[in-house]
Peer 1: 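Below is one structure. I have some questions about it.
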Amino acid sequence: MMIDSHCHLDSSDFTADREAVIARAQSAGVETMLTIGTRLDEFGRVLAIAEAHDDIWCSIGAHPHEAKDHTELAPRQLVALAAHPKVVGIGETGLDFHYDLSPRDIQEKVFRDHIEAACETGLPLIIHAREADREVARILDEKRPPAGVMHCFSSGRKRTEPAFVAATAAAVAELKEVELQDLAETTNANFFRLFSKANAPAR
């Protein structure tokens, strides 16, 4: 069993074949997935995917690109939504100074709101940091939130999907000269230790 700890199954890229994408992932051994929230007004779609599948979990958050549309966000909103049993993380949140699709001061305000929610719920933060490492580190050092995961994606126009985790894991195992099974067991244990609200698939 392998895990995709960061996917966006609600993306319009998957509208036509979402269930097939999920089935391909499961056939490839990627049984558990964490689909990430990026806008609060689209969270219902993210949650519905998680609710429809025992081994798909979700997070609640507003991506830094979307911060400009969440200026009125209050930590209590995130806390309330995070109470759902399928919500295992807070984010994707953070700072992106590469594209600056939202003003930097607004990005920081929204990031801090997410951190407060993580502190209150104890859930891990899922942090997007692009060309803003120093600023992200400064805020994290100041606020000291629970453990989390750093994430950022940059690539070409080929669509990524959870099934590809199997190929990535195989490549990493070969590079590290370890058995694929050992790699999978270690990374799976890390996932369930960090996202402790998620349950491992029944065997």
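Note that the numbering runs from 1 along the sequence shown for the chain. Keep in mind that the numbers below use all heavy atoms, side chains included, and drop hydrogens, waters and symmetry copies. All values derive from a computational prediction rather than experimental measurement.
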Peer 1: Taking C-beta and beyond as the side chain, do Val172 and Val178 meet within less than 4.5 Å on heavy atoms?
Peer 2: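 Sidechains of Val178 and Val172: no contact.
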Peer 1: Counting C-beta onward and ignoring hydrogens, is there a side-chain heavy-atom pair between Ile127 and Val149 closer than 4.5 Å?
Peer 2: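 No - every pair of side-chain heavy atoms lies 4.5 Å or more apart.
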Peer 1: List in chain and number order the residues that pass side chain to side chain contact (heavy atoms under 4.5 Å, CB included) with Ala169, two or more places apart in sequence or in another chain; answer none if no residue qualifies.
Peer 2: Met2, Leu180, Leu183
Peer 1: If you measure from CZ on Arg76 to CG on Asp113, what distance do you get to the nearest 0.5 Å?
Peer 2: 10.0 Å
Peer 1: If hydrophobic clusters are built by linking Ile, Leu, Val, Met, Phe, Trp and Tyr wherever their side-chain heavy atoms come under 4.5 Å apart, do Phe111 and Ile36 end up in the same one?
Peer 2: no
Peer 1: What side-chain donor-acceptor pairs closer than 3.5 Å can you find for residues 43-52, not counting sequence neighbours?
Peer 2:
from, atom 1, to, atom 2, distance (Å)
Arg45, NH2, Glu42, OE1, 3.2
Glu51, OE2, His84, NE2, 2.8

Peer 1: What closest approach, in Å, do Gly61 and Leu78 show between heavy atoms, and which atom pair accounts for it?
Peer 2: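 Scanning both residues, the minimum pair turns out to be CA-CD2, 4.4 Å.
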Peer 1: Give me the atom names and distance for the closest heavy-atom approach of Ala82 to Thr121.
Peer 2: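 Heavy-atom minimum between the residues: CB-CG2, 4.3 Å.
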Peer 1: Closest heavy-atom contact between Met33 and Ala25?
Peer 2: CE-CB, 4.0 Å
Peer 1: How far apart are the C-alpha atoms of Glu19 and His53, what are their side-chain angles, what is the distance that settles it, and do they pass the side-chain contact (heavy atoms from CB on, under 4.5 Å) test?
Peer 2: CA-CA 10 Å; Glu19 292 305 313; His53 300 272; 3.1 Å; yes
Peer 1: If the test is side-chain hydrogen bond (donor to acceptor under 3.5 Å, both in side chains), which one of Glu108, Glu116, His114 qualifies with Arg112?
Peer 2: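 Running side-chain hydrogen bond (donor to acceptor under 3.5 Å, both in side chains) over Glu108, Glu116, His114 with Arg112 returns exactly one hit, Glu108.
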Peer 1: Report the residues that fulfil ring-ring contact (aromatic ring centres under 6.0 Å, His included) with Phe195, sequence neighbours left out, ordered by chain and then residue number.
Peer 2: Phe191
Peer 1: Using 0.5 Å steps for rounding, measure from the CG atom of Leu95 to the CD1 atom of Ile106.
Peer 2: 12.0 Å
Peer 1: Can you tell me if Lys143 uses its side chain to pair, donor with acceptor, with the backbone of Arg138 under 3.5 Å?
Peer 2: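 Side chain of Lys143 to backbone of Arg138, a donor-acceptor pair under 3.5 Å: no, none is there.
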Peer 1: Between Pro124 and Pro146, is there a side-chain heavy-atom distance shorter than 4.5 Å?
Peer 2: no
Peer 1: When you measure from the side chain of Gln77 to the backbone of Ala74, do you find a donor-acceptor pair of N or O atoms at a distance under 3.5 Å?
Peer 2: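 Answer holds: yes.
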Peer 1: Check the orientation of His6 and His8. Use parallel for under 30°, tilted for 30 to 60°, and perpendicular for over 60°.
Peer 2: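 Perpendicular: the ring planes of His6 and His8 meet at over 60°.
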Peer 1: Treat each ILVMFWY residue as a node, draw an edge where side-chain heavy atoms are under 4.5 Å apart, and state whether Phe97 and Leu101 are in one component.
Peer 2: no
Peer 1: To check you understand the geometry: which heavy-atom pair defines the closest contact between Gly94 and Pro64, and what is its length?
Peer 2: O-CB, 3.4 Å
Peer 1: Distance-only, no hydrogens or angles: does the Gln26 side chain make a donor-acceptor pair with backbone N or O of Glu31 under 3.5 Å?
Peer 2: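 No; judged by distance alone, with no hydrogens or angles, the pair does not exist.
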Peer 1: Do any pairs count as a salt bridge (charged side-chain N to carboxylate O under 4.0 Å, His left out) and have a residue in residues 94-107, sequence neighbours left out, and if so which ones?
Peer 2: Asp100-Arg104
Peer 1: Does Leu34 share a hydrophobic cluster with Ile3, counting links as ILVMFWY side-chain heavy atoms below 4.5 Å and allowing steps through other members?
Peer 2: yes
Peer 1: Can you tell me if Glu174 has over 12 outside heavy atoms packed within less than 6.0 Å of its CD?
Peer 2: no
Peer 1: First locate atom CD of Glu142, then atom CD1 of Ile115, and finally report the distance between them rounded to the nearest 0.5 Å.
Peer 2: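 One gets 8.5 Å once the value is rounded to the nearest 0.5 Å.
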Peer 1: Got Lys86 and Lys197 here, is their nearest side-chain heavy-atom distance under 4.5 Å?
Peer 2: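 Of all side-chain heavy-atom pairs linking Lys197 with Lys86, none is under 4.5 Å.
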Peer 1: Are Ile60 and Leu125 co-members of a hydrophobic cluster defined by side-chain heavy atoms under 4.5 Å apart?
Peer 2: yes
Peer 1: Roughly how far apart are Ile22 CD1 and Leu9 CG, rounded to 0.5 Å?
Peer 2: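 Ile22 atom CD1 to Leu9 atom CG measures 5.0 Å (nearest 0.5 Å).
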Peer 1: When you compare the side chain of Ile56 with that of Thr32, does any pair of heavy atoms fall below 4.5 Å?
Peer 2: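 No, side chains not in contact.
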Peer 1: Let me check something: do Trp57 and Met1 share a hydrophobic cluster, defined by ILVMFWY side-chain heavy atoms less than 4.5 Å apart, either directly or through other members?
Peer 2: yes
Peer 1: Could you tell me whether Lys158 sits above the aromatic face of Phe164, with NZ or CZ closer than 6.0 angstrom to the six-membered ring centre and within 45 degrees of the axis?
Peer 2: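 Here Lys158 passes the 6.0 Å and 45° test against Phe164.
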Peer 1: Kindly write out the residues that satisfy side chain to side chain contact (heavy atoms under 4.5 Å, CB included) with Arg24, not counting sequence neighbours, or none if the list is empty.
Peer 2: Asp17, Ala20, Val21, Arg159, Glu161, Ala163
Peer 1: Please check this pair: side chain of Asp141 against backbone of Ala137, looking for a donor-acceptor N/O pair closer than 3.5 Å.
Peer 2: no
Peer 1: Rounded at 0.5 Å granularity, tell me how far OG1 in Thr186 sits from CD in Glu179.
Peer 2: 12.0 Å
Peer 1: Rounded to the nearest 0.5 Å, how far apart are OG1 of Thr93 and NE2 of His151?
Peer 2: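 Atom-to-atom, Thr93:OG1 and His151:NE2 are 12.5 Å apart.
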Peer 1: If you look at every heavy atom in Val30 and Asp4, which pair is closest and at what distance?
Peer 2: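 Looking at all heavy atoms of both residues, the closest pair is CG1-N, 3.7 Å.
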Peer 1: Hey, does the side chain of Ser196 reach the backbone of Arg193 with a donor-acceptor pair shorter than 3.5 angstrom?
Peer 2: no
Peer 1: Restricting to side-chain hydrogen bond (donor to acceptor under 3.5 Å, both in side chains), what partner residues turn up for Asp133, sequence neighbours left out?
Peer 2: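 So Asp133 forms no side-chain hydrogen bond (donor to acceptor under 3.5 Å, both in side chains) with any residue.
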Peer 1: Out of the candidates Ser11, Cys58, Ser59, only one should pair with Thr35 under the side chain to side chain contact (heavy atoms under 4.5 Å, CB included) rule; please name it.
Peer 2: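 Exactly one option meets the side chain to side chain contact (heavy atoms under 4.5 Å, CB included) with Thr35, and it is Cys58.
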